[in-house]
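Throughout, a chain's letter reflects where its sequence line sits, starting with A, and its residues are numbered from 1. For the numbers below, each heavy atom of this structure counts, side chains included, while hydrogens, waters and symmetry mates do not.
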There are 2 protein chains.
Amino acid sequence: MDYTTILSALAEPNRLQIVELLRKSPLTVGEIADHLDIRQPQASKHLRVLHKAGMVEFTVEANRRIYKLRSEPFKALDLWLKEYRDIWEEKFDNLDCYLQDLQKKVNKENEN
Amino acid sequence: MDYTTILSALAEPNRLQIVELLRKSPLTVGEIADHLDIRQPQASKHLRVLHKAGMVEFTVEANRRIYKLRSEPFKALDLWLKEYRDIWEEKFDNLDCYLQDLQKKVNKENEN
DNA sequence: TAAATATATTCCTTGACAGGAATATTCTCC
DNA sequence: GGAGAATATTCCTGTCAAGGAATATATTTA
């Protein structure tokens, strides 16, 4: 899954809004369509694009599907964006470095 | 400048590559066209889109234009992405919280 | 001033994609 | 099993964006 897939999935206004909605809580297709004031088929189609991009997943609940965000693409975007941080964070003083290293260690320990 | 503008600017493969290139160093239009193996007019057009999205700026140097990245849209994306961090960083232990608060204080002091 | 270089712009064509409408599929409940 | 609800899919149409080719604009150099 490459970046342009994720980015073009997010570039469509309705899909971006869907993602914003799902950030707060998982939702069914109908609920999403209601919130965005779009018709159900469009909601389904947008969700399909998001799903193919790996950005959402769903659980089947009777004849409804409950969609929620997946973390991986956001992690990927974050990783990509990290590479650009030194464009605007040119200044690293000692305390900053110390805290960042310490933070990394803590995160690493939490993975186990 | 809203997010979808930035995202659709980045969603095009050639433009994403241009951004990746400019991350390393500023470049002229011709150099960009060479690197991406595209024709000069397409490079100009893509740069125009990136410029309208506020992602690049240029300095005029004789009859050449030297393009470089602007930091603002990346800051904006980073800010947007921050809102999604708790999707995958669900676990906050005490040490984590302590360090994050401390980090915020440090950043705030650096702004002055 | 003429030629050459670097870049931007315009026009045209083609392909992708979003929305509308209708329909198919799947499940629940009576 | 039939009706209704929730969701997915298909077909159609219009719009928009990217690439190609040609041209315009600006700047340097001879």
Side-chain angles (χ1 to χ4, degrees), chain A residues 1-22 24-70 73, chain B residues 1-22 24-70 73:
Chain A
M1 193 61 54
D2 63 322
Y3 287 122
T4 57
T5 307
I6 299 176
L7 290 167
S8 39
L10 289 173
E12 206 283 330
N14 285 313
R15 284 197 291 267
L16 186 61
Q17 253 190 287
I18 291 178
V19 169
E20 299 272 20
L21 264 181
L22 293 181
K24 297 169 196 155
S25 74
L27 292 173
T28 67
V29 179
E31 290 169 333
I32 292 169
D34 285 349
H35 274 290
L36 301 202
D37 201 37
I38 59 178
R39 305 181 189 280
Q40 172 268 319
Q42 322 306 332
S44 278
K45 285 187 235 179
H46 284 309
L47 284 165
R48 187 154 85 129
V49 175
L50 289 171
H51 186 255
K52 280 209 262 188
M55 309 206 58
V56 299
E57 61 190 4
F58 58 85
T59 59
V60 176
E61 191 92 11
N63 57 350
R64 291 183 300 186
R65 297 192 179 184
I66 302 179
Y67 281 84
K68 57 177 285 198
L69 292 184
R70 273 167 45 84
Chain B
M1 194 59 54
D2 64 322
Y3 288 121
T4 57
T5 307
I6 299 175
L7 289 168
S8 39
L10 288 173
E12 207 282 330
N14 285 312
R15 285 197 291 267
L16 186 61
Q17 252 189 288
I18 290 178
V19 169
E20 299 272 20
L21 263 182
L22 292 182
K24 297 169 197 155
S25 74
L27 291 173
T28 67
V29 179
E31 290 169 333
I32 292 170
D34 285 349
H35 274 288
L36 301 202
D37 202 36
I38 59 178
R39 303 180 191 279
Q40 173 267 319
Q42 322 306 333
S44 279
K45 286 187 232 177
H46 284 309
L47 285 165
R48 186 154 87 129
V49 175
L50 289 171
H51 186 254
K52 281 209 261 188
M55 308 206 59
V56 298
E57 61 190 3
F58 60 87
T59 58
V60 176
E61 191 94 8
N63 56 350
R64 292 182 298 185
R65 298 193 177 183
I66 301 179
Y67 281 84
K68 58 177 284 200
L69 293 184
R70 272 167 46 85

ask   = Heavy atoms under 4.0 Å, any strand shown: does F58(B) hit a base, just sugar-phosphate, or nothing?
value = nothing
task = With the side chain of V29(B) defined as its heavy atoms from C-beta on, choose the nearest nucleotide among dT7(C), dA21(C), dT7(D).
result = dT7(C)
query = Looking at dG19(C), dA6(C), dT9(C), which one has an atom nearest to any side-chain atom of R48(B)?
reply = dT9(C)
Minimum heavy-atom distance L50(B)-R15(B), with the two atoms named = CG-CD, 3.8 Å
message = Suppose we call a contact any N or O donor and acceptor under 3.5 Å apart; does that hold for the side chain of N63(A) and the base of dT28(C)?
response = no
remark   = Which of dT7(D), dT27(D), dT9(D) is nearest the side chain of T28(A)? It is dT7(D)
ask   = Out of dG19(D), dA22(D), dC27(C), which nucleotide sits closest to the side chain of P41(B)?
value = dA22(D)
task = Tell me whether the OP1 or OP2 atom of dG19(D) has a side-chain N or O from H46(B) closer than 4.0 Å.
result = yes
inquiry  = Please report the distance, rounded to the nearest Å, between CG in L47(A) and C1' in dA6(D).
reply    = 13 Å
task = With the side chain of Q42(A) defined as its heavy atoms from C-beta on, choose the nearest nucleotide among dT7(C), dT9(D), dG19(C).
result = dG19(C)
ask   = Tell me: NZ of K45(B) to P of dC16(D), nearest whole Å?
value = 17 Å
Any N/O donor-acceptor pair, Q40(B) side-chain to dA8(C) base, under 3.5 Å = yes
